[in-house]
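Computation of the quantities below employed the complete heavy-atom set of this structure, encompassing side-chain atoms and omitting hydrogens, waters and symmetry-equivalent molecules.
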Amino acid sequence: MRQRRQLGQAAVPEDVPLKEFVETYWRVHAVPNLAASTRDFYARAWANHIMPRLGDYGVRELTPKRLARFREELERAGVGLATVRKTMAILQSILSFAVAEELVEFNAAAPVRKPRYERAREPHIFLPAEVERIRRGLASHRDRTLVAALAYSGARPEEVVFRLAWEDVGERESAITTPSATGSGSHRYSHRWLRT
């Protein structure tokens with residue numbers, strides 16, 4: 001590094017273990033920019049897949065070849081393709097931040113091919129008659145409301161299951177206000193089924 005300074009070149013910061021760099025990534029990038037549900041997934045993927053296999057490597061040691069082997073290792077371990085794809089996207093985000101922090105010159109995860117993810121089956125779309133049959137079979141008003149909110153509102157399951165409170169259900173105006181998954185604002189849905 002001293003020789004680079006003498007030659008008038010910018011000093012290159014010391015390499016940092018990925019497990020230490022992620023603390024900066026989390027504080028400076030993830031917390032202010034990512035939704036709580038996204039951060040929850042990132043934290044699980046980090047703890048279960050990335051940290052045990054790559055945490056001790058320096059950020060500069062993460063080459064495209066090493067990351068391709070990491071991907072193969074996840075697949076051999078039986079990790080689902082959707083999770084492998086998302087885990088690789090998390091690494092790409094972390095390394096993109098490392099580029100912005102001038103720790104590395106390029107994102108080593110970018111050239112690594114992500115697995116193609118295809119749904120094992122098409123989702124089942126419930127017709128209103130089916131939804132009402134299911135609702136009639138439920139004992140509590142809470143459960144009937146939850147099924148109706150999921151079926152009719154268009155809200156994402158995490159918006160309803162994790163963030164919806166009784167205060168958000170307006171029985172007089174037959175509407176639900178769901179907090180946005182990103183934490184910025186809310187969505188209002190009007191429905192006749194809230195009266196039942």
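By the 4.0 Å N-to-carboxylate-O rule, R71 lies close enough to E75 to be salt-bridged with it.
Both V31 and I94 belong to a single network of hydrophobic side chains, linked directly or stepwise wherever heavy atoms of I, L, V, M, F, W or Y lie under 4.5 Å apart. M51 and V84 fall within the same hydrophobic cluster, defined by Ile, Leu, Val, Met, Phe, Trp and Tyr side-chain heavy atoms under 4.5 Å apart, directly or through other members. I90 and F106 are not part of a single hydrophobic cluster, where members link through side-chain heavy atoms under 4.5 Å apart.
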- Test salt bridge (charged side-chain N to carboxylate O under 4.0 Å, His left out) applied to E23 and R27, step by step: CA-CA 6 Å; E23 294 174 16; R27 186 182 74 253; over 6 Å; no
- Item | Steps toward side chain to side chain contact (heavy atoms under 4.5 Å, CB included) verdict (N33, F97) | CA-CA 12 Å; N33 296 306; F97 182 72; over 6 Å; no
- Message: Applying side chain to side chain contact (heavy atoms under 4.5 Å, CB included) to L146 and L138, what does each step give before you reach the verdict?
- Response: CA-CA 10 Å; L146 177 61; L138 298 172; over 6 Å; no
- Task: Begin from the C-alpha positions of W46 and T87 and carry the test side chain to side chain contact (heavy atoms under 4.5 Å, CB included) through to its verdict.
- Result: CA-CA 8 Å; W46 169 258; T87 300; over 6 Å; no
- Show the numbers, then the answer: is there a side chain to side chain contact (heavy atoms under 4.5 Å, CB included) between L18 and I50? CA-CA 9 Å; L18 182 62; I50 303 170; 4.0 Å; yes
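Atom CZ of F41 has more than 12 heavy atoms from other residues, nucleotides or ligands within 6.0 Å.
Using modelled atom types, one finds no donor on one side chain facing an acceptor on the other under 3.5 Å when comparing S37 with D40.
For F126, the side chain to side chain contact (heavy atoms under 4.5 Å, CB included) partners are H124, E130, V131, I134, not counting sequence neighbours. In this structure R53 satisfies the salt bridge (Lys or Arg N to Asp or Glu O under 4.0 Å) test together with E73, sequence neighbours excluded. With sequence neighbours left out, the side chain to side chain contact (heavy atoms under 4.5 Å, CB included) criterion links S93 to Y25, H29, Y42.
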